[in-house]
Amino acid sequence: MKKQRDELLIDFVDTNQKYRKVIHAVIAQWVKDYQSGKIAIKSVRDLQWLVKMEQELQKAIAADSKQIEGE
């Protein structure tokens, strides 16, 4: 049971790290589009949302990692 739970937690952490990579790619593209003038300043809310998602995923990964290490 513990092994199965650990595997699920590890899978969850891996999935969150993949999501973070996607978010990083989207942020990088947003910055390029913003710098080239394709995106106007009114869409900063989108960037703020992406940054917040990144922070939430970091928190989840840290919490899950601590739980895995503590068991």
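Just so it is clear, the values below take in all heavy atoms, side chains as well, and ignore hydrogens, waters and symmetry mates.
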Mind checking what makes salt bridge (charged side-chain N to carboxylate O under 4.0 Å, His left out) contact with Glu54, not counting sequence neighbours? Arg20
Looking at CD of Glu56 and CG of Asn16, how far apart are the two atoms once the value is rounded to the nearest 0.5 Å? 11.0 Å
Within-4.5 Å side-chain heavy-atom neighbours: Lys52 and Gln48: no
Given the rule that I, L, V, M, F, W and Y join up when any side-chain heavy atoms are under 4.5 Å apart, are Val51 and Ile23 in one cluster? yes
Atom CD1 in Ile10, atom OG1 in Thr15: separation rounded to 0.5 Å? 11.5 Å
Sequence-distant partners of Lys32, salt bridge (charged side-chain N to carboxylate O under 4.0 Å, His left out), two or more places apart: none
ILVMFWY cluster, Met53 and Tyr34 together (side-chain gap under 4.5 Å): yes
Please determine whether residues Tyr19 and Trp30 belong to a single hydrophobic cluster, defined as Ile, Leu, Val, Met, Phe, Trp and Tyr linked transitively by side-chain heavy-atom distances below 4.5 Å. yes
Find out if a path of hydrophobic residues (ILVMFWY) with successive side-chain heavy-atom gaps under 4.5 Å connects Leu8 to Leu57. no
